[in-house]
2 protein chains.
Amino acid sequence: MATIYDVARRAEVSPATVSRVVNGRANVDPALAERVRAAMVDLNYRPNAVARNLRRSRTSMWAVIISDIGNPFFTSLVRGVEDVAQTAGYSVVLCNSDNDEAKEGQYVNAALTEQMAGVIISPTAGSPHVARLLDAGVPVVVIDRQMAGADVDTVLVDNEQGARDATGHLAAAGYRRIACITGPRGLFTAERRLAGYRAALDDAGLAHDPALVRHADFGVDGGHAAMHSLLAVDPRPDAVFVGNNLMTIGAVGRIFDEGVTVPEEMGVVGFDDVPWATLMRPALTTVAQPTYSVGRNAAELLTDRITDPKRPVSTVTLPTELRVRGSSGAKP
Amino acid sequence: MATIYDVARRAEVSPATVSRVVNGRANVDPALAERVRAAMVDLNYRPNAVARNLRRSRTSMWAVIISDIGNPFFTSLVRGVEDVAQTAGYSVVLCNSDNDEAKEGQYVNAALTEQMAGVIISPTAGSPHVARLLDAGVPVVVIDRQMAGADVDTVLVDNEQGARDATGHLAAAGYRRIACITGPRGLFTAERRLAGYRAALDDAGLAHDPALVRHADFGVDGGHAAMHSLLAVDPRPDAVFVGNNLMTIGAVGRIFDEGVTVPEEMGVVGFDDVPWATLMRPALTTVAQPTYSVGRNAAELLTDRITDPKRPVSTVTLPTELRVRGSSGAKP
DNA sequence: GTGAAAGCGCTAACAC
DNA sequence: GTGTTAGCGCTTTCAC
């Protein structure tokens, strides 16, 4: 691998001049610059980013640590981050923590030891790792979760309002015993969505029946099991608001297994829009999250934070959008 | 940030000794080692990976460059890679090329300048970038595509056999005018799947009707448009084999739009299993790919290549599995 | 406008 | 078993 010295020798200039050309500094004689460029091509020179990073003691990479690479939520989020990163001159590396605190810790270590320029993270519940990044002075933006008491830039979606819209829509369609399957107790998004569900019941003057609320694990099987137990409640719920996309798969699967009809016997609204929502029969009504915007906003907050580490932290909350389809069609 | 010299001073040893302790070398007096560890904790010392990488002139990161982060195919593939990487002591960073050759080029540049220890890549069609990695001596494993004439370790799934199984299954179920929607012309996986479709028609003694073959873009809209035009063919096809998961969404959507019934008027089999296959009514018959295994195998080939750069290249081809569900139910 | 030279933080000979 | 020392390849003062 050719080094900057090889190029300098061949172009008969000093390494400093090569460096200036490589980095597009002015103050280089055009003739010299041309010679340098020719030498770089001849030698197939490629700057060694590791050496540069060491010398500058900073890198141009961002780590995006997400909790589940399989969740469509993160797909367009990553695109939003990438689009901003690219114009700002950063590369994005994705790290998949799989909702596992230990794995998350490893990636945080990597971000720290690799001197990443910034980190965007959707932390696992009660994660101690965000604090470690903050302590080390690494610019951080948290997405999708609010860190209790942490002084950190954050991008959220309005989970409560989204859940309230969804549940309110079911109530308006005539459903009266509306159940809720939400995520694990104590998890930020799960609690907010549950709160929105409750608020909507109040709005509609419907009674709260604790027997109609389930906490599951945000996974397919959890949704399936929760729906199984809800269908055994007497009197049976006539609608269900499911608090994320994967649990919706499980819940709807269970509803079909039991031969219960949608939307006549059971209205369904899911949180998170998914590409296949229109493929279900009836098509699935969902609360769509502005995932691309979440990514963009997080990336913009990160560039701002990198530019000015002292600026006050801010939290951006983005609205959801209810997409009404057949699964919540008016109760006959 | 504390350096190795700070730790050495505090522990009253040399930097070399600290380095030995950090890297778990033997040959260090336990008492000294203890002092060093204490000093590291006191100073909250964290080794600077950039400096280490420069000195060793290698890193412990792998780049996994995938063509579409939104495709479920890559989800468990990444898990397979990560599981192997972790035990081998590597970190995995994901790069999303979005099937864009320019973006892929950027990530290849990053892998090169950042001195990545290895690269696993699903290249865009006709990508020149794999050759650049190879030329630079970077260990590379190609997945999902066969690079014409390139001397590179490769992990594939048996696209042709999978398509043949799918189409043969439709024929066996009694469908007679079986259409095919495959990917872009010249794309490796698209061509192999088309070849498998044709082989199955031969197996079943069915005629080849060129009017029943479509090339689309492996996206939802492409599948939708292709199905739209297939439904206008007279006589209409009575079944369709769709060459990837996203196009299947579009194609099935179109079939429903037209009020055509599945599986009675139109049998459907898709390539790539998806989590929501069982949610469709009827549930979707698919050709499942062993995605996790693809990831594991690629990672294992990569470690082998890193260990022994001179070993002959190998290609691993993994079998698919036909998952029969309702959408291909016997034609009445 | 250009070059000489000093490190960034670490590891690995080599000497003791 | 431990310390000294010389770089890894680059950027950046500081002279000129």
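These numbers come from the heavy atoms of this one structure, side chains and all, not from hydrogens, waters or symmetry mates. Lettering follows sequence order; numbering is per chain, from 1.
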Next item on the list: Write down the distance between CZ (B/R25) and C1' (C/dA13), rounded to a whole number of angstrom.
Entry: 12 Å
Distance-only donor-acceptor hits, side chain of residues 123-130 of chain B, under 3.5 Å, sequence neighbours excluded:
from   : atom 1 : to     : atom 2 : distance (Å)
B/T124 : OG1    : B/E104 : OE1    : 3.3
B/S127 : OG     : B/E104 : OE2    : 2.3
B/S127 : OG     : B/H129 : N      : 3.1
B/H129 : ND1    : B/R132 : NH1    : 2.7
B/H129 : NE2    : B/E101 : O      : 3.2

Checklist line | Set of ring-ring contact (aromatic ring centres under 6.0 Å, His included) partners for A/Y90, sequence neighbours left out | finding: A/W62
Item checked: Contact list for DNA chain C against residues 44-59 of chain A - heavy-atom distance below 4.0 Å -> A/L54, A/R55
Notebook entry, point to check: Which two nucleotides bound the region of DNA chain D that has atoms under 4.0 Å from heavy atoms of chain B, read 5' to 3'?
Noted result: D/dG1 to D/dG9
Checklist line | Side-chain heavy atoms of B/D144 within contact of B/V294, under 4.5 Å | finding: no
Enumerate donor-acceptor pairs with a distance under 3.5 Å from any side-chain N or O in residues 15-22 of chain A to protein atoms, sequence neighbours excluded.
from  : atom 1 : to    : atom 2 : distance (Å)
A/T17 : OG1    : A/S14 : OG     : 3.4
A/S19 : OG     : A/N23 : ND2    : 3.4

Check: What pairs with A/S314 under side chain to side chain contact (heavy atoms under 4.5 Å, CB included), at least two apart in sequence or on another chain?
Finding: A/D153, A/L301, A/R311
Notebook entry, point to check: What is the distance from CD of A/Q115 to P of C/dC8, rounded to the nearest Å?
Noted result: 14 Å
Margin query: Please list all pairs meeting ring-ring contact (aromatic ring centres under 6.0 Å, His included) that have one or both residues in residues 32-54 of chain B, counting only residues at least two apart or in different chains.
Written below: none
Margin query: Using a 3.5 Å distance criterion without hydrogens, assess whether the side chain of A/D6 forms a donor-acceptor pair with backbone atoms of A/T3.
Written below: yes
Checklist line | Residue pairs involving residues 48-77 of chain A (criterion salt bridge (charged side-chain N to carboxylate O under 4.0 Å, His left out); sequence neighbours excluded) | finding: A/D68-B/R79
Pair up each side-chain donor or acceptor in residues 33-40 of chain A with any protein partner under 3.5 Å, not counting sequence neighbours, and list the distances.
from  : atom 1 : to    : atom 2 : distance (Å)
A/R35 : NE     : A/A11 : O      : 3.1
A/R35 : NH2    : A/A11 : O      : 2.8
A/R35 : NH2    : A/E12 : O      : 3.2

Checklist line | Qualifying residues under salt bridge (charged side-chain N to carboxylate O under 4.0 Å, His left out), relative to A/D42, sequence neighbours excluded | finding: A/R10
Checklist line | Difference in axis direction between the ends of the helix from C/dG1-D/dC16 to C/dC16-D/dG1, five pairs, 10° | finding: 40°
Restricting both atoms to N or O, compile the protein contacts to nucleotides 1-5 of chain C shorter than 3.5 Å, with distance only.
from  : atom 1 : to    : atom 2 : distance (Å)
C/dG1 : OP2    : A/N27 : OD1    : 3.2
C/dT2 : OP2    : A/D29 : N      : 2.6
C/dG3 : OP2    : A/S14 : N      : 3.0
C/dG3 : OP2    : A/S14 : OG     : 3.1
C/dG3 : OP2    : A/T17 : OG1    : 2.7
C/dG3 : N7     : A/R20 : NH1    : 3.4
C/dG3 : O6     : A/R20 : NH2    : 2.6

Notebook entry, point to check: For B/D6 and C/dC8, what is the distance between atoms CG and P respectively, to the nearest whole Å?
Noted result: 11 Å
Checklist line | Close side-chain approach of B/I65 and B/V119, heavy atoms under 4.5 Å | finding: yes
Next item on the list: With the side chain counted from C-beta on, respond yes when A/L187 and A/R145 share a heavy-atom pair under 4.5 Å apart, and no when they do not.
Entry: yes
Item checked: Derivation of the side chain to side chain contact (heavy atoms under 4.5 Å, CB included) call for B/T75 and B/T291 -> CA-CA 8 Å; B/T75 303; B/T291 51; over 6 Å; no
